> 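What follows is a structure written as structure tokens; I'll ask about it next.
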Number of protein chains: 2
Amino acid sequence: MPYGDGMNARVRSEERRAEIVGAALEVIAERGYRGASLAAVAERVGLTQQGLLHYFPTKDALLVAVLQERDRWDAVPDTRWRIDLLASLVEYNAMRPAIIQTFSALLGESVTEGHPARAYFTERYAQVRENMTAVLRAEYGDRLPNGLTPERTAPLLIAVMDGLQYQWLLDPESVDMPGAFRDFLRLLGEPVE
Amino acid sequence: MPYGDGMNARVRSEERRAEIVGAALEVIAERGYRGASLAAVAERVGLTQQGLLHYFPTKDALLVAVLQERDRWDAVPDTRWRIDLLASLVEYNAMRPAIIQTFSALLGESVTEGHPARAYFTERYAQVRENMTAVLRAEYGDRLPNGLTPERTAPLLIAVMDGLQYQWLLDPESVDMPGAFRDFLRLLGEPVE
DNA sequence: TCCGCTACCTGTAGAGCGGTAGGTTTTGTT
DNA sequence: AACAAAACCTACCGCTCTACAGGTAGCGGA
């Protein structure tokens, strides 16, 4: 099957890489990063393991691409985040267990020593906390109805999202993730507009 | 007339096993379960890998022992759990990062397919949710000040504890885990006695 | 048409893994 | 003293893993 389908080499290469990253997401969801073998990822896109290494020279390089993909994915460009959009996000996540599982598994692994994703998650959470603080401040002002500051509420908000994900992944029947998250938002109180 | 003194073979064997389980906890904290090799655990207690296999015939058997150890550890026998005791527990946890890291890493891995700890965590969380529901009901009655039921609050409580642990493990300087947890308890409102 | 580059491949090195087989020393019981 | 069992050991098997080396085939540009 020749490549003459109207696309140039650069585009085809980029597409192949994206395909590989997608397969890596799946395999990591199933086996974690340490458990994910390059061969398993390669097989899923119809390559040999060595063929895959042509696109990503090391396993870590592939992980980096996976993490960048995530960054690109939930970088909502200019949208003014609002709290109720978060609820929708959680609802959306509940329909994409694979992605949630990938990053929940990675987060768990990342707390171990010398894990290649550790720095990524550390920085990411610092950034998300800042981000959420800003969102909360925009919505509530400097004090929430219950007296907490946005700075102190942000870590709780994030913790609830992550923690619910684990409970939900382990037992989706028993845990209504979006519902529980909305409950938490009610706990924060109604913004006084 | 079996074992006459206080230091018989059975006791020594049990001590050795406990020693091994302790070492396994450490290694899992550092590398996760999949990344933890029997040889690394064995070395830590001055054994060869095969010597370790004399006590635990398979790697999974060792994991089972680790999980049982945890169950034994936080099975507070008859103490009536109370909410403020939870805050103390979180404070105590903040002084034992190793144990937290072990089980955070295991929880993360456990969501992957066919992980040997998956069933354990699924059951454990179901049980803990029940437990927390009872605690909340004892403290607040059938309705919390904010209108939520104990059943719906329990998953949130657990989610906050777990989620905060990840943030804290990744960046202890930036996250005041016990403080944040107390903030969450304030969010629940004061019990009306 | 030639040439270089991309996109793969086969082969293999080198290390680490869990687990088995079977031996030997140590220990405790009789 | 005799014996059995527990507590280890050495040796090794078969597998899997990442990564390197080096080759080949086809495409695109000059």
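Since the structure is predicted, the reported quantities are computational estimates derived from the model, not experimental observations. Naming convention: chains lettered A, B, ... in sequence-line order (proteins, then strands); numbering from 1 in each chain.
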> For the atom pair CZ (A:R137) and OG1 (A:T153), what is the distance rounded to the nearest 0.5 Å?
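So the CZ of A:R137 and the OG1 of A:T153 are separated by 10.0 Å.
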> Between atom CD1 in B:I20 and atom C1' in D:dA6, what is the gap in whole Å?
14 Å
> Rounded to whole angstrom units, what separation is found between the NZ atom of B:K59 and the P atom of C:dT20?
15 Å
> Out of C:dC8, D:dT18, D:dA6, which nucleotide sits closest to the side chain of A:H54?
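Minimum distance to the A:H54 side chain belongs to C:dC8.
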> Could you check how far CG of A:D60 sits from C1' of D:dC17, rounded to whole Å?
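Distance, rounded to whole Å: 14 Å.
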> Contact class for A:A42 (heavy atom, under 4.0 Å): base, sugar-phosphate, or nothing?
nothing
> Choosing from C:dG18, D:dG28, C:dC9, which nucleotide comes nearest the side chain of A:L47?
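Shortest atom-to-atom distance from the side chain points to C:dC9.
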> Taking side chain as C-beta onward, heavy atoms only, is A:L157 less than 4.5 Å from A:L185?
yes
> Output the rounded distance in Å from CZ (B:R31) to C1' (C:dC17).
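Distance check: B:R31 CZ to C:dC17 C1' gives 12 Å.
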> Looking at A:S13, does any N or O in its side chain come under 4.0 Å of the phosphate oxygens OP1/OP2 on C:dA7?
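Yes, within the criterion.
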> Can you tell me if B:Y55 touches the phosphate of D:dC8, counting only side-chain N or O atoms and a distance under 4.0 Å to OP1 or OP2?
yes
> What's the verdict on ring pair (Phe, Tyr, Trp, His ring centres under 6.0 Å) for B:Y166 and A:Y166, showing C-alpha distance, side-chain angles and the deciding distance?
CA-CA 12 Å; B:Y166 284 106; A:Y166 284 106; 5.2 Å; yes
> Taking the side chain of B:R12 as heavy atoms from C-beta outward, which of C:dC8, D:dA7, C:dT27 is closest to it?
C:dT27
> A:Q50 side chain: which of D:dC8, D:dT18, C:dT10 is closest?
C:dT10
> Using a heavy-atom cut-off of 4.0 Å across all strands, would you classify B:L53 as base, sugar-phosphate, or nothing?
base
> To the nearest 0.5 Å, how far apart are CD in A:Q127 and CE in A:M132?
10.5 Å
> With DNA chain D as reference, determine whether A:P57 or A:G35 sits nearer its 5' end, using the nearest nucleotide of each.
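That would be A:G35.
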> What's the CG-C1' distance between A:L62 and D:dC17, to the nearest Å?
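Taking CG of A:L62 and C1' of D:dC17, I get 15 Å after rounding.
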> Can you tell me how far P of C:dA21 sits from CD of B:Q49, to the nearest Å?
15 Å
> Measure the distance from CG on A:L52 to P on C:dA7 and round it to the nearest whole Å.
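Atom CG in A:L52 sits about 13 Å away from atom P in C:dA7.
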> Check the distance between C:dG18's P and B:Y33's OH and give it to me in whole angstrom.
8 Å
> Ring centres under 6.0 Å, that's the criterion: do B:H115 and B:F121 meet it?
no
> Could you check whether B:A61 gets within reach of a base, just the sugar-phosphate, or nothing at all, counting any heavy atom under 4.0 Å?
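B:A61: no heavy atom of the nucleic acid under 4.0 Å.
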> Under 4.0 Å from OP1 or OP2 of C:dC9: is there any side-chain N or O of A:T48 that close?
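Affirmative; the distance criterion is met.
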